[in-house]
Protein chains: 2
Amino acid sequence: MGLTKTDNFTTEQNELAAFAKALGHPARVAIIEYLSSQASCICGSIVDAIPLAQATVSQHLKELKNAGLIQGNIEGNSICYCLNPEKWKKFKQMLEPTFTHIEQPVCC
Amino acid sequence: MGLTKTDNFTTEQNELAAFAKALGHPARVAIIEYLSSQASCICGSIVDAIPLAQATVSQHLKELKNAGLIQGNIEGNSICYCLNPEKWKKFKQMLEPTFTHIEQPVCC
DNA sequence: TTGTTTTATTGCAATATTACGATAAAGAAA
DNA sequence: TTTCTTTATCGTAATATTGCAATAAAACAA
C-alpha cells in the first residue's frame, strides 16, 4: 500500500502528524535549527549550511513550507526563509498534553 | 535513492529527527494521545482505539518503541504500553530552542 | 541585449513506508 | 492435554521518500 489512511483520523491528528513528519529528517532538523539561531535566512545560506546538494535542500525546504513550519519571502534576487511562529505555536500546543502527562507517569 | 545520509548530521539531529519521524503518522499520534490520557494501556485497548488492522497497529507500536517514545511491559497474557518519560523530556528539550525563538520572530 | 546568480523543478534510481491477511508464538483457561 | 486469547512477524502490493544531475525560471548585472 504505502497510502496513509488519513480519513480514519481527526484533522488535528493529521496536522500534528504532518508537523512531526516534516521535522522527521535530520536535514530538516538542521534547517530548523539554523533558522532558530539566525536573524538572516537567505536560502543560499541554508544551502551552504546543509551538507547536501542544492536540489535536495530545495526539496527539503519545500516540505517544511508545505507543512507550514517555515515561510519564504522573495527578496530581490533571492528568497528569505524564516520560521512561521503561528504554526510552531500550534505544534507546541498540540504536544502540551503529552509533555504534561509525562510529569506524572502512571503506568508500567 | 531513498537512503537518508545520516552521517552528514549530528547524533542529536538524527535523534530529534527520529522522534519526530516516529510521531509523523496520524495513527501514531492517536496512540500517543491515547497513552497520554489513559492510566491503563493494555495493547488490546490500543488496537481497539485505532481504526486500523491489528497487524498494522502492532507495526506502529513497534516504530514508537524503536524510537523510544513508548515502552512495553509484559503483563501476564498481554502487554502494557506506556510513554517513556525520559525520552519525551529529551524530545521536549530539543524543541525548546525553536519554541523560544518563535516568541521573538526576527525575519521576513 | 547577454551573461550571471539564485532558487525551483524534472526525471530517475534506490530505498522506505503503509496496510493487511495469514500465520506464528506464548501464556491463560478449559 | 486442547483451546482460546493476545501480540508479533512474515509476505506482499501499493505508494512515498531520498538524493542528485540536469535543466528551467526569474531577477539582477553588465
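Within every chain, numbering begins at 1; the chains are lettered A, B, ... in the order of the sequence lines, protein sequences first and strands thereafter.
The Lys65(B) side chain lies nearest to dA8(D) when the options are dG19(D), dT5(C), dA8(D). Nearest nucleotide to the side chain of Ile79(B), out of dA8(D), dA19(C), dT5(D): dA8(D). Here the nucleotide nearest the side chain of Gln59(A), chosen from dA22(D), dT6(D), dC20(D), is dC20(D). Nearest to the side chain of Leu3(B), among dT15(C), dT15(D), dC20(D), sits dT15(C). Considering only the side chain of Tyr81(B), dT7(D) comes nearest among dT7(D), dT6(C), dA19(C). Checking dG19(D), dC20(C), dT9(D) against the side-chain heavy atoms of His60(A) singles out dG19(D) as nearest. Taking every side-chain heavy atom of Cys43(A) into account, dT7(C) is the closest of dT7(D), dC20(C), dT7(C). You'll find that the side chain of Asn77(B) is closest to dT6(D), out of dT7(C), dA22(C), dT6(D).
Straight-line distance from the CG atom of Asn66(A) to the C1' atom of dA16(D): 14 Å, rounded to whole Å. One can place CG of Asn8(A) at 13 Å from C1' of dT18(C), the figure rounded to the nearest angstrom. One atom, CG of Asn73(A), and another, P of dT6(C), lie 19 Å apart when rounded to the nearest Å. Taking atom CG on Leu52(B) and atom P on dA8(D), their separation rounds to 15 Å, with Å as the unit. For the pair Asn14(B) CG and dT18(D) P, the interatomic distance rounds to 13 Å; values are reported in whole Å.
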Practice prompt. Check the pair Leu95(B) / Leu16(B) against side chain to side chain contact (heavy atoms under 4.5 Å, CB included), numbers first and verdict last.
Written response: CA-CA 8 Å; Leu95(B) 289 172; Leu16(B) 176 48; 4.1 Å; yes

Discussion item. What verdict does the side chain to side chain contact (heavy atoms under 4.5 Å, CB included) test give for Leu23(B) and Leu23(A), after you've listed the backbone C-alpha separation in whole Å, the side-chain angles of each residue and the deciding distance to 0.1 Å?
Written reply: CA-CA 10 Å; Leu23(B) 201 63; Leu23(A) 201 63; over 6 Å; no

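Residue Lys21(A) has no polar side-chain atom (N or O) positioned under 4.0 Å from OP1 or OP2 of dT17(C). For dA8(C), the OP1/OP2 oxygens have a side-chain nitrogen or oxygen of Ser58(A) closer than 4.0 Å. Contact check, Thr56(B) against dT18(C): no side-chain N or O comes under 4.0 Å of OP1 or OP2.
Between His60(A) and His25(A), the ring planes are tilted. Angles from 30° to 60° get that label. Ring pair Phe99(B)/Phe99(A) is perpendicular by interplanar angle, where above 60° counts as perpendicular and below 30° as parallel.
If Lys5(B) and Lys62(B) are placed on DNA chain D by their nearest nucleotide, the residue sitting closer to the 5' end is Lys62(B). DNA chain D is contacted by both Pro51(A) and Leu61(B); Leu61(B) maps to the nucleotide lying nearer its 5′ end (nearest heavy atom per residue). Taking for each of His25(B) and Ile74(B) the nucleotide of DNA chain C with the nearest heavy atom, the 5'-most of the two is the partner of His25(B).
Residue Gln54(A) is classed as a base contact, given a heavy-atom separation below 4.0 Å to a base. Heavy atoms of Ala53(A) sit under 4.0 angstrom from primed sugar atoms or phosphate atoms, though from no base atom.
The backbone N or O of Ile32(B) lies less than 3.5 Å from a partner atom in the side chain of Ser36(B), making a donor-acceptor pair.
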